[in-house]
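Numbers restart at 1 for each chain; the letters A, B, ... are given by sequence-line order, proteins then strands. No hydrogens, no waters, no symmetry mates; every other heavy atom, side chains included, goes into these values. Just so it is clear, the structure is predicted and the values come from calculations on it, not from any experiment.
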Number of protein chains: 4
Amino acid sequence: MSTQRESAPNTARRNEASRRAILMAAFDLVGEVGYAKLSIEGIAARAGVGKQTIYRWWPSKGAVLFDAFLALAEGSDDSSALPDTGDLQADLTTVLRATVEEFGDPRFDTPMRALSTEIAHDPALAEMYAERLDRPMRELKKERLRSAQRTGELPADLDLDVAIDLVWGPLHNRWLHRSGPLTPEYAEALVATALNGLRHASASE
Amino acid sequence: MSTQRESAPNTARRNEASRRAILMAAFDLVGEVGYAKLSIEGIAARAGVGKQTIYRWWPSKGAVLFDAFLALAEGSDDSSALPDTGDLQADLTTVLRATVEEFGDPRFDTPMRALSTEIAHDPALAEMYAERLDRPMRELKKERLRSAQRTGELPADLDLDVAIDLVWGPLHNRWLHRSGPLTPEYAEALVATALNGLRHASASE
Amino acid sequence: MSTQRESAPNTARRNEASRRAILMAAFDLVGEVGYAKLSIEGIAARAGVGKQTIYRWWPSKGAVLFDAFLALAEGSDDSSALPDTGDLQADLTTVLRATVEEFGDPRFDTPMRALSTEIAHDPALAEMYAERLDRPMRELKKERLRSAQRTGELPADLDLDVAIDLVWGPLHNRWLHRSGPLTPEYAEALVATALNGLRHASASE
Amino acid sequence: MSTQRESAPNTARRNEASRRAILMAAFDLVGEVGYAKLSIEGIAARAGVGKQTIYRWWPSKGAVLFDAFLALAEGSDDSSALPDTGDLQADLTTVLRATVEEFGDPRFDTPMRALSTEIAHDPALAEMYAERLDRPMRELKKERLRSAQRTGELPADLDLDVAIDLVWGPLHNRWLHRSGPLTPEYAEALVATALNGLRHASASE
DNA sequence: CTGTAACCGAGACGGTACGTCACGTCTTGGT
DNA sequence: ACCAAGACGTGACGTACCGTCTCGGTTACAG
């Protein structure tokens, strides 16, 4: 017996060139005109492709964009581990400072923002995002924290998911909602405070 | 000196009934059909109002929705202070647990999500949000933290903005991106870890 | 009590310039590209009008074309009577020869053909055609035949509808189906044979 | 010598089952959904055939339909002669009454209408129609008229093409354009008037 | 107490994009 | 080689809303 999906298109016959052109067009366009003005028609036109070819393979504008990100992520060396000098606070600060810088680059800011908000509205997309993009990155972060647990820098019983949320959550939040300036200093303060806790905030010095 | 907007409509002549009908229709509709399918035409029809009446007073769909929230917030007793029993961790846990519950209510979830993502794309709206909705709530939170500083529960030199981000950021983040289960236990762990810091996470017990 | 048509658009607010531009564009286009390749989009583009403006006022491509003909017919002096020299055969021959010539003109042939076949498929359109275009012309023809009845050229008890069909039907038929050459000679033979009957076909000479 | 069409497919290898399925599907579908909504895709799907198999053998939708008619006509006994009792008027009345009845049957009306209008727009098709379907029927009619010429019922110098047009043209016209009721009485009046001529219309009695 | 001007509902308008359908061409794999 | 299946680029469909623009009707201030 085989898994029988209703009228699922035959992936074997798929045109790889069109697929790539669509993904590239989607990524480029979202950076140029923003997510709100991104249209399937626009993507199709830019990619030199029929609209139906998009509708055949993706359920929504957001799904296309997501795949575009995925292709990009898989193409890059995102699989590289976080720095591990033995000094957790220094390493985290380095990473968050880099993230701050990345957020400041419009070429990343616009499409990332689009993906973030699209995910907020589409649970199916959120699931895909969690599985394919968030989980691998989260695993890298966990690895660094586990290393810190091994050296005794962090307690062994620390809930790593909470820990990661505590360090990266506020940063992502401030970026997405523009609820405050996104500076290297903020990244430093965040790491320091998260590591030491509110009660001992000045202990880092 | 007064800010002179070009051909600004005369607020005095404004029809209050229409304004309220529009705000109510916007809020109701966003809960029924979601933000993406919310349309000015739909709001106008539901409110029994001409489209022009909306375009006359609001620059965008998001602005209408924002005003709808504002009206709701001002109508409620959101201005009440956070609980202050003298035990900061207990009080914050109470507050975050309530927030978790609120996020679980679809009547709040859908419109709030809409506002959140709209803000992410519209800096002007973000500014309004920061000013009119976020700042007052943040002030209440700061007040509670200052109280804790006075009693010595928190260091006097703690950066309260970072502190607030550290406690509420991860929660809001997990809600918006559905990056994990939103449970009371998570709220508790968050408060405990944030207060004690990652290095001393088990010190709260 | 008033006649309550369901969601009928308010004719009063109608833009007359757009209406005329649409009609003209439709007529021109059908002559240029033929009925099969005539599209609402094309008409709208040529007329400088939104598609919705067409859909708002006409139920179908054929209805637009029909109105275009109607406007043309009303604009011209089609209301002029048929010639009446006292010699019925001569007069009918004159008229049919003119019709043959008209059918040979591509500027009339293409759109007329389009209207004719559209009518064949759409009973509602057929009704409109019968009422607005065919009936007036038929009345003019009847008038000429009645005059012949008065002078004794035709019997008083002749069924004029059958008579008209007999004279014009074959011509229209041969034109539409291209079932034979459309010549002045054919027009002459037709009139002679119809007037004298098959049994006495040579009696006209 | 044979007419050599460029890259004509090898008729020998043709799948007869597919051909018949296509023709049947085309005929059935045109009766079900009408000519306008008849599509190659629909025919292919209904016939269980690839689209290419249709495009390989027919140049257009109309050509398929025409072949479907042809197959039907050749399958039936349309080659039978018209009745010849010696009374021309009676015989023609019988034939036209039968035709009137046929036109009233939706199973014939819809596809016939489709073919008729398609012919009006496509000269190539018209030529095929004239050759393959119209000419044989016209020959049968002429045969009956020649018989009447032999018995002296009709003049020997009568133009038979004009005569046939005069009798059948008005009927076909009224059917196609719905320009009046299609009744047995109309058939009778038509025959009588055509035979006797307008000038002696009452002479048949 | 009465213009008159702004606001109001309604909705037509020129547009853009939607998501679907069918076109005619093409490629793949099976017989 | 022909066939079924169906992906492809193309283009039109008919619908939904966009934001702008009259159109009368109705307030509410100004002369």
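Using modelled atom types, one side-chain atom of D/K61 and one backbone atom of D/L38 make a donor-acceptor pair closer than 3.5 Å. Under a 3.5 Å cut-off, the side chain of A/R113 and the backbone N or O of A/L176 do form a donor-acceptor pair. Without hydrogens or angle criteria, B/T110 side chain to B/R107 main chain gives no donor-acceptor distance under 3.5 Å.
Looking at heavy atoms from C-beta onward, D/I22 lies in side-chain contact with D/W58 at the 4.5 angstrom threshold. Side-chain contact check for D/L65 versus D/E118: every heavy-atom pair is 4.5 Å or farther apart. Side-chain contact between A/E32 and A/L29 is present, with heavy atoms from C-beta onward closer than 4.5 Å. Looking only at side-chain heavy atoms (C-beta outward), C/W57 and C/T11 come within less than 4.5 Å of each other. Between A/R19 and A/N15 the shortest side-chain heavy-atom distance does not fall below 4.5 Å.
Atom CG in A/N15 sits roughly 12 Å away from atom P in F/dA7 (whole-Å rounding). Note: CD (A/E16) to P (F/dC8) measures 11 Å, nearest angstrom.
For the segment residues 22-46 of chain A, residues with any heavy atom less than 4.0 angstrom from an atom of DNA chain E are, sorted by number, A/S39, A/I40, A/E41. Sorted by residue number, the list of members of residues 110-123 of chain C with any non-hydrogen atom under 4.0 Å from DNA chain F is empty. Heavy-atom distances under 4.0 Å link DNA chain F to C/K51, C/Q52, C/Y55 of residues 47-66 of chain C, given in residue order.
Remark: C/S18 is in phosphate contact with E/dG14, judged by side-chain N or O atoms under 4.0 Å from OP1 or OP2.
Scored by the ring pair (Phe, Tyr, Trp, His ring centres under 6.0 Å) test, B/F69 finds B/F27 as partners (sequence neighbours excluded). Taking the ring pair (Phe, Tyr, Trp, His ring centres under 6.0 Å) definition, one finds that C/H177 meets it with D/H172, sequence neighbours left out.
Relative ring orientation between C/H121 and D/Y35 is described as parallel, the plane-to-plane angle staying below 30° on a 0-90° scale split at 30° and 60°.
Taking CG of A/D122 as the start and CD of A/E127 as the end, the distance is 11.0 Å to the nearest 0.5 Å.
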Any chance you could lay out the side-chain contact (heavy atoms from CB on, under 4.5 Å) test for C/T53 and C/R56, step after step, and finish with the verdict?
-> CA-CA 5 Å; C/T53 301; C/R56 184 153 33 228; 3.7 Å; yes
Check the interface with nucleotides 26-31 of chain F: list each N/O to N/O pair with the protein under 3.5 Å, or write none.
none

